[in-house]
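First the structure, in the form of structure tokens, and then the observations on it.
All chains are named by letter (A, B, ...) in the order of the sequence lines, taking the proteins before the strands, and each is independently numbered beginning at 1. These numbers were taken from a predicted model, which means no experiment stands behind them.
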There are 4 protein chains.
Amino acid sequence: MSKEEKRLEILTAAMRIMHQEGFEGFKMEDIAKEAGVGKGTIYEYFESKNDLFLEMLRFSTEQFITGLENSLATGTDLESKISNLSLFGSKFLSSHLNLVNSNISHLSLPEDSKDQIKRYWEHIYKTIESELAKAIEGGEIKPHIDLKMAASVIIGSLNQYAFKKLYGTGLPPEQIDHQAIARMILQGMQK
Amino acid sequence: MSKEEKRLEILTAAMRIMHQEGFEGFKMEDIAKEAGVGKGTIYEYFESKNDLFLEMLRFSTEQFITGLENSLATGTDLESKISNLSLFGSKFLSSHLNLVNSNISHLSLPEDSKDQIKRYWEHIYKTIESELAKAIEGGEIKPHIDLKMAASVIIGSLNQYAFKKLYGTGLPPEQIDHQAIARMILQGMQK
Amino acid sequence: MSKEEKRLEILTAAMRIMHQEGFEGFKMEDIAKEAGVGKGTIYEYFESKNDLFLEMLRFSTEQFITGLENSLATGTDLESKISNLSLFGSKFLSSHLNLVNSNISHLSLPEDSKDQIKRYWEHIYKTIESELAKAIEGGEIKPHIDLKMAASVIIGSLNQYAFKKLYGTGLPPEQIDHQAIARMILQGMQK
Amino acid sequence: MSKEEKRLEILTAAMRIMHQEGFEGFKMEDIAKEAGVGKGTIYEYFESKNDLFLEMLRFSTEQFITGLENSLATGTDLESKISNLSLFGSKFLSSHLNLVNSNISHLSLPEDSKDQIKRYWEHIYKTIESELAKAIEGGEIKPHIDLKMAASVIIGSLNQYAFKKLYGTGLPPEQIDHQAIARMILQGMQK
DNA sequence: CATGAATGAGCTTTCATTCAT
DNA sequence: GATGAATGAAAGCTCATTCAT
């Protein structure tokens with residue numbers, strides 16, 4: 001197993017532990033056991049627990065961004081893109097601990113980590129906004145809308161709905177009606 | 001100061017500490033100092049640190065529900081109601097640590113606390129859904145829409161947008177364009 | 001209730017708590033509750049927890065000494081005296097926590113308290129020894145025996161046997177064969 | 001130093017501390033210092049302070065049982081066996097804190113620990129009783145005597161006398177007249 | 001390199017004691 | 001006097017981190 005592979009093994013083991021045990025149960029010892037390595041070994045690959053956590057954040061966010069880009073690239077029209085994103089987001093939410101989402105920034109992270117998170121989020125927004133800009137050009141959606149606002153509506157709605165379905169009703173990601181939520185986001189609910 | 005008042009004093013001190021210091025800095029000693037009481041006194045009012053945390057969750061959620069109900073009661077039409085909710089939600093988000101939101105349920109809470117959180121969320125959804133039902137009767141919005149989905153869109157969009165504005169750009173709650181986000185939720189972005 | 005009565009009430013409440021809960025559960029709060037007084041009130045009657053404990057020791061030992069003297073006074077011959085003592089000792093053991101016995105002195109008591117315990121034990125020994133001396137004069141037992149040793153055999157045997165019966169087999173004090181143990185102590189087991 | 005040796009080192013350090021400082025002074029920190037390890041290390045070998053205490057009880061009792069069996073095996077006739085036991089018991093009493101003896105069972109131990117102690121005591125009694133049974137066969141002592149009672153007389157007398165001598169007069173174990181106490185137990189004090 | 005036993009700073013929690021009412 | 005809410009010293013315990021092997 002190469003150096004990089006072992007690093008990844010530890011990283012994903014840490015993700016699994018966080019997903020299963022939550023914040024409290026997130027112990028270096030358990031991560032080591034889950035990864036099948038010694039406690040000390042983690043420190044060969046990560047400076048500290050905090051560093052490991054930051055790498056998880058980074059890893060998780062990058063995976064999310066990749067999925068986001070794929071979702072948008074795969075779709076034909078905006079509705080299908082959002083629908084794709086809904087499917088991907090639900091899967092992501094159910095398998096990873098949703099480190100990506102919202103209030104992590106509140107956690108007392110070191111300033112520079114907060115900055116990195118911020119940059120990631122800006123990237124996510126930019127990606128969606130440029131997609132929306134294309135949709136405006138293509139005449140799919142209203143011109144003059146606030147792109148940031150629209151991106152927020154998309155992300156927020158999809159996330160909230162997926163969360164509600166996954167944790168509220170126990171539905172698996174595939175059985176969520178992704179098209180319907182995409183349509184509601186685009187068309188609104190008003191008559 | 002009555003027994004109940006002191007309890008509340010400790011509770012809100014804990015909220016302030018959590019808001020300022022995040023999870024890491026959430027020490028019993030600091031909470032005591034913030035509340036102006038001795039360390040041992042907290043244990044007269046709360047069984048353990050975990051119990052205190054659960055009470056914060058409950059308190060916070062109840063405050064949110066009250067504000068939600070006020071927001072909906074105050075508005076005339078659905079747009080103003082959502083706009084009100086946006087304002088309230090932003091203020092709530094900026095002052096409280098957003099314990100209410102999303103992925104808290106992932107944290108390793110005892111089963112019964114998870115249940116309570118779930119019940120709170122069901123109440124929140126019910127409240128919004130019944131408001132939407134009235135709006136359908138009043139002809140304001142499309143009949144036959146999925147109420148849960150619509151509620152998710154409202155909550156998710158408002159929360160995401162407020163978060164973006166507050167933490168992304170540092171805007172104060174009052175300067176967010178609540179009417180615009182309400183309108184986008186209702187009318188969608190499609191031509 | 002007079003001052004002295006209330007003091008006694010607290011003292012006996014403390015004895016009950018110690019008997020039920022053992023050393024670990026011996027809390028000022030519980031003693032106060034058991035005695036039906038406020039926590040602070042205990043301090044009106046006893047200087048400290050340690051003082052209270054010492055008074056329990058004293059009270060308990062004095063009660064034991066009284067019972068010991070009665071037992072010896074009531075009997076006619078030595079066998080009946082020891083038999084009486086066996087009955088009393090068993091009752092005492094089953095109702096009081098046996099503070100009187102053995103290894104209490106090991107507990108880290110202040111020097112002066114250890115001295116007091118020592119003096120009590122000397123009194124107990126003296127009482128038994130003088131009884132034995134009378135029995136020698138009366139020709140009941142061998143002359144020239146070591147009185148301290150004989151007293152030890154009596155106390156030790158009775159206590160051990162009562163303990164075994166009470167806690168090992170759950171027998172009530174009255175159903176122990178006090179005469180038999182008295183006879184074995186006096187006559188030995190050798191042919 | 002092997003795992004088992006270190007465990008033993010901590011255990012005996014704890015015994016020394018208990019012996020010197022009594023119950024009150026029995027602090028994890030001091031035990032660690034005495035054992036020459038860090039505070040946390042104790043928890044690598046024992047689950048909790050209570051667990052450590054229980055292991056001390058077990059260890060101590062097992063040592064006592066070993067000594068008891070040796071004492072009985074070494075002697076030729078019953079008198080010398082009891083005399084041996086007296087010597088061993090005195091040494092044991094003066095070096096170990098007498099965790100083995102009497103009223104420990106009163107201490108609020110968890111039910112299963114009480115059971116274990118009980119089982120140990122049954123073993124101790126059985127051992128002595130079978131020795132007495134042999135002595136009956138050998139014609140050394142009266143047939144038909146109550147074996148449990150006789151065992152109680154032996155244990156109780158030896159323990160009480162040793163305690164009196166060691167703590168009352170400060171005599172070292174070797175200078176106690178073990179033969180005399182053995183003889184008195186066997187022959188009684190009656191003419 | 002990899003390990004996991006050892007560590008102790010730092011946290012939660014307990015409870016005897018005080019003292020304002 | 002009597003009370004019990006408040007206190008904080010002191011103790012048990014955890015767990016990220018180190019380092020000898």
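- As rounded to whole Å, 12 Å separates atom C1' of dT14(E) from atom CG of Asp30(C).
- Here the closest heavy-atom approach between residue Leu93(D) and residue Tyr167(D) is recorded as O-OH, 3.5 Å.
- When all heavy atoms of Ala35(B) and Ala13(B) are compared, the pair lying nearest together is CB-CB, 3.6 Å.
- Between Phe26(B) and Val37(D), the residue whose closest nucleotide on DNA chain E is further toward the 5' end is Val37(D).
- A straight line from CZ of Phe23(C) to P of dC15(E) spans 14 Å, rounded to a whole angstrom.
- Across the interface with DNA chain E, nearest-nucleotide mapping of Lys3(A) and Lys27(B) shows Lys3(A) to be the residue nearer the 5′ end.
- Rounded to whole Å, atom P of dC13(F) lies 18 Å from atom CE of Met28(B).
- The separation between Ile31(A) atom CD1 and dT17(F) atom P is 11 Å, rounded to whole Å.
- Between Phe23(A) and Phe23(B), the two ring planes are parallel [angle under 30°; tilted spans 30° to 60°].
- Using the Watson-Crick or G-U wobble rule with both distances under 3.5 Å, dT21(F) pairs with dA2(E).
- Figure legend. dT13(E) is base-paired to dA10(F); pairs are counted as Watson-Crick or G-U wobble with both atom distances under 3.5 Å.
- Near-neighbour residues of DNA chain F inside residues 39-46 of chain D, defined by a heavy atom below 4.0 Å, number-ordered: Lys39(D), Tyr43(D).
- Of all heavy-atom pairs between Ile117(C) and Leu57(C), the closest is CD1-CD2, 2.9 Å.
- Distance Leu52(A) CG to dT17(F) P: 10 Å, rounded to the nearest Å.
- Between the CD atom of Glu4(D) and the P atom of dA5(E) there is a distance of 14 Å, rounded to whole Å.
- The interatomic distance linking Lys33(C) (NZ) with dA2(F) (C1') rounds to 17 Å, in whole Å.
- Environment of CD in Glu47(B): sparse, with no more than 12 heavy atoms of neighbouring residues, nucleotides or ligands closer than 6.0 Å.
- Computed from coordinates, the Glu5(D) CD to dA5(E) P distance equals 16 Å when rounded to whole Å.
- Side-chain N/O atoms of Lys6(B) include one lying less than 4.0 angstrom from OP1 or OP2 on dA6(F).
- Under the 4.0 Å criterion applied to side-chain N and carboxylate O atoms, Arg58(A) and Glu55(A) are assigned as salt-bridge partners.
- Counting only residues at least two apart or in different chains, side-chain hydrogen bond (donor to acceptor under 3.5 Å, both in side chains) contacts with residues 30-46 of chain C comprise Arg16(C)-Glu34(C).
- Of the candidate nucleotides dA16(F), dT12(E), dG12(F), dA16(F) has the atom nearest to the side chain of Lys49(A).
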